Asker: 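The structure's right below; bear with me while I get my questions together.
Throughout, a chain's letter reflects where its sequence line sits, starting with A, and its residues are numbered from 1. Because the structure is predicted, anything quoted here is derived from the model rather than measured.
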Amino acid sequence: MKKSLIALAVLASAGVASAQSSVTLFGIVDATLAYGKGSVANKTQLTNSGYNSSRIGFRGTEDLGGGMNASFWLEAGMNNDNGTGAATSLNNQASGTSTASAGTQGLTFNRRSTVSLGGGWGELRLGRDYTPQFWNLTVFDPFGTNGVGTSQVLNSSLGGPVTVRASNSIGYFLPGNLGGFYGQLQHYRGENASNVANDGTGSAIRLGYANGPINVALAYSSTKYSTGDIKTTNIGGQWDFAVAKLMGYYDRDQISGGATGKGGLIGALVPVGPGEIRLAYSTYKNDLAGTPKTNKWALGYVHNLSKRTAVYATYAQARNSGGAAQGLNGAITAANTNSSGYDFGVRHSF
Amino acid sequence: MKKSLIALAVLASAGVASAQSSVTLFGIVDATLAYGKGSVANKTQLTNSGYNSSRIGFRGTEDLGGGMNASFWLEAGMNNDNGTGAATSLNNQASGTSTASAGTQGLTFNRRSTVSLGGGWGELRLGRDYTPQFWNLTVFDPFGTNGVGTSQVLNSSLGGPVTVRASNSIGYFLPGNLGGFYGQLQHYRGENASNVANDGTGSAIRLGYANGPINVALAYSSTKYSTGDIKTTNIGGQWDFAVAKLMGYYDRDQISGGATGKGGLIGALVPVGPGEIRLAYSTYKNDLAGTPKTNKWALGYVHNLSKRTAVYATYAQARNSGGAAQGLNGAITAANTNSSGYDFGVRHSF
Amino acid sequence: MKKSLIALAVLASAGVASAQSSVTLFGIVDATLAYGKGSVANKTQLTNSGYNSSRIGFRGTEDLGGGMNASFWLEAGMNNDNGTGAATSLNNQASGTSTASAGTQGLTFNRRSTVSLGGGWGELRLGRDYTPQFWNLTVFDPFGTNGVGTSQVLNSSLGGPVTVRASNSIGYFLPGNLGGFYGQLQHYRGENASNVANDGTGSAIRLGYANGPINVALAYSSTKYSTGDIKTTNIGGQWDFAVAKLMGYYDRDQISGGATGKGGLIGALVPVGPGEIRLAYSTYKNDLAGTPKTNKWALGYVHNLSKRTAVYATYAQARNSGGAAQGLNGAITAANTNSSGYDFGVRHSF
């Protein structure tokens, strides 16, 4: 999904390259044979995104001169097992996202749709984007919040509708030349009229430091909801020991006047020839009735056939207690029973 | 949104340019911070298309030899603040357009989806396209029917479902070499079975003359609806005085056996260095109970950072009377009260 | 719609071709003026896909070395008369496909969304794809299952939701170097949990031989449905006599504990200068009450303006008996009456 295709701008019939405009078409098609086992029902699927999220997108950058640039990024999620797209959220509220009728969900730029102005001072980014509070959950997770190995912190999170992305956002990113320090601020709006309660509006910050083998970051967000404001705090880091990259994070979600959820992950990526072993243990619990808690461990292997194409396998098991009933890969499991599952798949990016 | 990218057709592995095929990928991402003020409720949004309508599209032309060509144009509207697409109309009737469930609207080629055959005799165009009766409303409007400055004629129009675009259309365009005269004919169908009333079928014509500083045009349309046929007539023009481009139009919509609406606009574009001041006054009223009427004035400035990228600001105020309650930028205002609003934004095209 | 555009991958600013990545953007825009005549109601439409199905897609291949390759194919159907996309199926069941609200159907990769690994041993393909049981119905039909001339076998088929395509499929294709023998296996899943009946899961095979003027193939499928399993068998072939290509097929669909449907087609393609005459007679009947049966003949001409652009005309007539009421091109006809229709259109591919 990295920079893979740069469409060449040419003068129409002359075939002469012109540098003034370029658009990159990019995407990932990741198909997964997935099996889930639970005490109530098992499930076998040909699904998607077991390693990386399937997507198709368009992006580009324009040099404005004087160190300034303008850029855009439009990225649509898709379910390549059946051809549907994915819904987005209009307003960062529970009411902003619906489920389309079976088979009718078209492509939306749900993953990201932004326009930016950048310069030596950083980047101003407008539109739908990832939230600062999400990044630690995926950057410091060996499974990158995809597939049967997805961290239990993301599966159970009380972080609300903007746990991963926010619509109607204005973001600011620090420039890349601060000696390893990086950071972003984001404000997103629920877009309510002034005569109703503010719902879905919030702000978030993430600050980090990456240098040599070390990368650490801290994030905090506060979002107004009509059902109780939510504050999320997380901190994560990784250390690259060359023989293995160790990583982990801690996350806490607090609903004002409601429940608190806490969780974390420890994991590792171990390079093995052209492949990589992935290993993670994650846990999340909240203080609702029974204090439901799920622990999960996952083990996987990715074999790279090229930079763009890989085959992979993952096995994971979830252990529920306190009334939790997390099933994996679509399996249904009774409260306080275990569920397990595996993925086999191929990931191709362009 | 002009011709910006021409993907180069090449022989697969040889890397040799071939002129026989080209597709242009193009688009606009326009993000707008919008505020609206009304007597009932104000609203602040991060929305889109404050200057130009956000879109993504694909188009291309093939030379058939002998002066003939074939071409296609597929253009999808999008809401880059949240990633959704926009709905289209199946049949040019009120029943042909719905609102999708929140967050689920995927991309459709709602803005235009046509295939054409062209030659020295003009162009035959088939599919979904702008109507002849729309062009005067946007070409002779300094705000181009976008953002808080959008002409009140478009906001209040009684012109029905095909005010802007029609599906199922067959169009003919005069060739470009008629000494400044231009024109188009369009027929569009509601596609009703013959045993029910014809609904959504109509015809329209637009004729104009553009030469040096002058551009004037006249349009007329007549559309059958089960709720009363609608006839629309408008005439517009502009004169480029170099220090300023003055423009305006008059529009009249008449529903058979129902209301008549009348309106118009006068405005100007004033170039200022790399930017442009925009100014417009528009009005529309109809003869329904109370004869609701809204007058609106708008003032804006666009600052071009490049040909493709601009920042802009617009302020507008609407004055309602006769029971009209036009709110701007999502504000809600009581009947006969004023509403105002502003846009700040960035427009990037590719 | 064949290989028409290969976006050239270049090093960003240097303009140097790099063979490591290519994506092909392709599509068809086919607009059709269609008229249907029936005893109850006639219909005139500006519709689409009278000659080839309108679509837009992205595909690409990566050479993995050692004779291996990876590839993807994402192809969305579209209705260019109004700009909508087309729905897909989530689970190969009747419940997996819905109709979106009017005008809201966005683009989905309903026609095909697959990722493949290939080599000297053949191709492994995962995702949504055509079924083996479909190919004979379109390859050996002069009208290719498009437009008013579409075979009555497809119109009336009892083959169920996977008659044309299946989601959640795993397919294997024989390599291309077997002396004319070709074939494919496919397994597709309904993705039901293990505690409910299996619905929409099936397997299919197609084997054929193409050499010189001859092409023959046989296909068989068996699919589990909660409403009765369906088995489909068909065999087809063509002989190219240079002055004309003769073709035909026989198809049989059997619902376990339910109806059986049988049908077939004979037809011809006759090259005439830059054009082609198309001719077909098809029939389908089932053994439900009254044994409804429809016979249909169709005559058409395609005039190629270039390899990419053609104009065409087709006339067809359907003769209903046994209670059948097949109307053509949206016409409504009473049981046991005839219906006729014609298409005029232009097909442009890119």
Asker: Please lay out, stage by stage, how C/Leu74 and A/Ile56 fare under the test side-chain contact (heavy atoms from CB on, under 4.5 Å).
Answerer: CA-CA 9 Å; C/Leu74 301 170; A/Ile56 185 165; 4.2 Å; yes
Asker: Work out which heavy atom in C/Leu90 is nearest to a heavy atom in A/Gly103; give both atom names and the distance.
Answerer: CG-N, 3.5 Å
Asker: Measure C/Tyr188 against the heavy atoms of chain A and call it side chain, backbone, both or neither at under 4.5 Å.
Answerer: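 It is neither, since no heavy atom gets under 4.5 Å.
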Asker: Given a strict heavy-atom distance threshold of 4.5 Å, which part of C/Asn192 is in contact with chain A: side chain, backbone, both, or neither?
Answerer: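 Just the backbone, heavy atoms under 4.5 Å.
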Asker: Under 4.5 Å between any side-chain heavy atoms of A/Val311 and C/Leu117, yes or no?
Answerer: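 Counting from C-beta outward, A/Val311 and C/Leu117 do come under 4.5 Å.
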Asker: CG of A/Leu33 to CZ of C/Arg189: how many Å apart, nearest 0.5 Å?
Answerer: 8.0 Å
Asker: In terms of the angle between their ring planes, are A/His348 and C/Phe72 parallel, tilted or perpendicular, with boundaries placed at 30° and 60°?
Answerer: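 Rings of A/His348 and C/Phe72: tilted, as their planes differ by 30° to 60°.
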Asker: In Å and rounded to the nearest 0.5 Å, what is the CZ to CG distance from C/Phe109 to A/Asn82?
Answerer: 12.0 Å
Asker: Looking only at heavy atoms, what is the nearest atom pair of C/Ala70 and A/Thr309, with distance?
Answerer: CB-OG1, 3.4 Å
Asker: Nearest 0.5 Å please: distance from the OG1 atom of C/Thr114 over to the CG atom of A/Asn80.
Answerer: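 Separation between the atoms: 9.0 Å.
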Asker: Is the backbone of C/Ala100 close enough, under 3.5 Å, to the side chain of A/Ser101 for a donor and an acceptor to pair up by distance?
Answerer: no
Asker: Examine whether an atom of C/Thr99 lies under 4.5 Å from a heavy atom of chain A, and if so say whether it belongs to the side chain, the backbone or both; otherwise answer neither.
Answerer: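 Backbone of C/Thr99 only, per the 4.5 Å heavy-atom cut-off to chain A.
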Asker: To the closest 0.5 Å, what do you measure between OG1 (A/Thr47) and CD (C/Glu191)?
Answerer: 6.5 Å
Asker: One pair to check against side-chain contact (heavy atoms from CB on, under 4.5 Å): C/Val23 and A/Phe26. What are the steps and the verdict?
Answerer: CA-CA 9 Å; C/Val23 176; A/Phe26 64 97; over 6 Å; no
Asker: For chain A, which candidate among C/Asn195, C/Ile170, C/Val196 shows the most heavy-atom pairs at distances under 4.5 Å?
Answerer: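 Greatest number of close heavy-atom pairs with chain A: C/Asn195.
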Asker: Can you confirm whether A/Leu305 sits close enough to C/Glu62 that some side-chain heavy atom of one is under 4.5 Å from a side-chain heavy atom of the other?
Answerer: no
Asker: Quick check for you: to the nearest 0.5 Å, what is the distance between A/Asn48 atom CG and C/Leu126 atom CG?
Answerer: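 If I round to the nearest 0.5 Å, the distance is 11.5 Å.
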Asker: Give the member of C/Gly190, C/Ser95, C/Ser169 that has the highest number of heavy-atom pairs under 4.5 Å with chain A.
Answerer: C/Ser169
Asker: Check whether A/Thr104 reaches the backbone of C/Ser98 with its side chain - one donor and one acceptor, N or O, closer than 3.5 Å.
Answerer: no
Asker: What is the distance from atom CD of A/Gln45 to atom OG of C/Ser167, rounded to the nearest 0.5 Å?
Answerer: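 Taking CD in A/Gln45 and OG in C/Ser167, the distance rounds to 12.5 Å.
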